[in-house]
Colleague: 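Can you keep this structure in mind? I'll have questions shortly.
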Amino acid sequence: MARRAWQPLPLDTTVKVLAGADLMAVNGADFVVASIEAVDPQPLALDLALAAVYTWRNGGDSPRYRERQVPEYTTVESVVLAHAVMPTAAFYLPGLRWRGRLSPLVIDQATTISLTAAFARLPRTSGPREAAIARVAEIRALYGRMLADIAYRIENSAFFDSTVATTRQFQTALALWSDVTRSTSDEEVIRRSALVTVAFDTARANAETIGELHLPHTARGPARRAAGAARLAKSSTTEAERDAAHSHVVSILRSLALDCLPDPAALPRAITAPPRPNSAR
């Protein structure tokens, strides 16, 4: 990913692709700066990898400075939300010089400037309402790609199981968002967008951490085979190979008959879906 100082950074960018980056996220006059260190694999935690994140907010309640580890799929928006700031935009910084718990400085080539001066240099952005609406649109589009990716749904079935608390909270947040209209206040639009964002990230993190452990023990082996066959069906270059893999997936899912797994009757269209969501974010 190209990194140009002072240029916009999508709020849904994950820390996995931001190792070594410095950034500033803003909402009105509020801003949070962050430095992200390389992702550290955690082999004993179901392949969960963590990134070290250092953040500082220009105002608000203490502590202004935070240092923590977050999962690799944590978004910029979620990182900033830890400071009770709902960002409307984010930008790459040329560099940050941390000074303990004091306000860090921005290093731009041979010049050192304050965070306030750096904030003044940022390009103008759209308003908070527009940013909130755009953010939910991005999440819904990504969720749609996840629904169409059969292998992903099999391997992370908890994300699509409404009996799971985090998934149910995400579905509720989406339902609340569906009631948003032009007459909904800016404050309420931003609040509901934040609910969708946090609920989505939480439900996804929970499902990807649990993985196949959400399934009954006896279903995990067949589910792995079904996911492999789904990938084969999606990548096959011959119709015969694709049909054979598709039939194998249908057969396994019918034998498992689990509500949290894709409906075999709905596979013909979905199994040839676009690339998996892990590569889209």
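These numbers were taken from a predicted model, which means no experiment stands behind them.
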Colleague: Given side chains that start at C-beta, do those of L18 and L9 come closer than 4.5 Å, heavy atoms only?
Modeller: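 When only atoms from C-beta onward are counted, L9 and L18 do touch, with a gap below 4.5 Å.
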Colleague: Going through the distances and angles, do Y73 and S78 end up as a side chain to side chain donor-acceptor pair (under 3.5 Å)?
Modeller: CA-CA 10 Å; Y73 42 72; S78 293; over 6 Å; no
Colleague: Is it the case that over 12 heavy atoms from other parts of the model lie below 6.0 angstrom from the CZ atom of R99?
Modeller: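 Yes, the 6.0 Å shell around CZ holds more than 12 heavy atoms from other groups.
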Colleague: Just checking, R66 and W56: is the charged tip under 6.0 Å from the six-membered ring centre and within 45° of the axis?
Modeller: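 Output no; distance or angle outside limits.
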Colleague: Is the cationic atom of R204 (NZ for Lys, CZ for Arg) positioned less than 6.0 Å from the six-membered ring centroid of F159 and within 45 degrees of its normal?
Modeller: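 Output no; distance or angle outside limits.
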Colleague: If I take atom CG from residue L261 and atom OG from residue S157, how far apart are they, to the nearest 0.5 angstrom?
Modeller: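 One finds 5.5 Å between CG of L261 and OG of S157.
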Colleague: Evaluate L93 against V33 for side-chain contact (heavy atoms from CB on, under 4.5 Å), listing each step before the verdict.
Modeller: CA-CA 9 Å; L93 293 176; V33 294; 4.0 Å; yes
Colleague: For residues L142 and I139, determine if any side-chain heavy atom of one lies less than 4.5 Å from a side-chain heavy atom of the other.
Modeller: no
Colleague: When you compare the side chain of D22 with that of Y92, does any pair of heavy atoms fall below 4.5 Å?
Modeller: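 No, every pair of side-chain atoms sits at 4.5 Å or beyond.
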Colleague: In terms of the angle between their ring planes, are Y143 and F160 parallel, tilted or perpendicular, with boundaries placed at 30° and 60°?
Modeller: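 Plane angle under 30°, so parallel.
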Colleague: I'd like to know whether T75 forms a side chain to side chain donor-acceptor pair (under 3.5 Å) with D201, so could you lay out the CA-CA distance, the side-chain angles of the two residues, the decisive distance to 0.1 Å, and finally the verdict.
Modeller: CA-CA 8 Å; T75 63; D201 287 339; 3.3 Å; yes
Colleague: Given side chains that start at C-beta, do those of Y65 and L102 come closer than 4.5 Å, heavy atoms only?
Modeller: no
Colleague: Kindly compute the distance separating OG1 (T88) from CZ (R135), expressed to the nearest 0.5 Å.
Modeller: 13.0 Å
Colleague: Carefully, step by step, assess S114 and T116 under the rule side chain to side chain donor-acceptor pair (under 3.5 Å).
Modeller: CA-CA 5 Å; S114 68; T116 301; 4.6 Å; no
Colleague: If you draw a 6.0 Å radius around CG in D259, do more than 12 non-hydrogen atoms from other residues or ligands fall strictly inside?
Modeller: no
Colleague: Is the closest side-chain donor-acceptor distance between W98 and S35 under 3.5 Å?
Modeller: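 Looking only at side-chain atoms, S35 and W98 do form a donor-acceptor pair, the distance falling under 3.5 Å.
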Colleague: As an exercise, state the distance from CZ of R225 to CG of L232, rounded to the nearest 0.5 Å.
Modeller: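 If we round to the nearest 0.5 Å, R225:CZ and L232:CG are 15.0 Å apart.
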Colleague: Any heavy-atom pair between the side chains of R97 and T112 that's under 4.5 Å?
Modeller: yes
Colleague: Looking at R68, I want to see if its CZ is surrounded by more than 12 non-hydrogen atoms of other residues, nucleotides or ligands under 6.0 Å.
Modeller: yes
Colleague: Roughly how far, to the nearest 0.5 Å, is CD of E138 from OG1 of T197?
Modeller: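 The distance works out to 9.0 Å.
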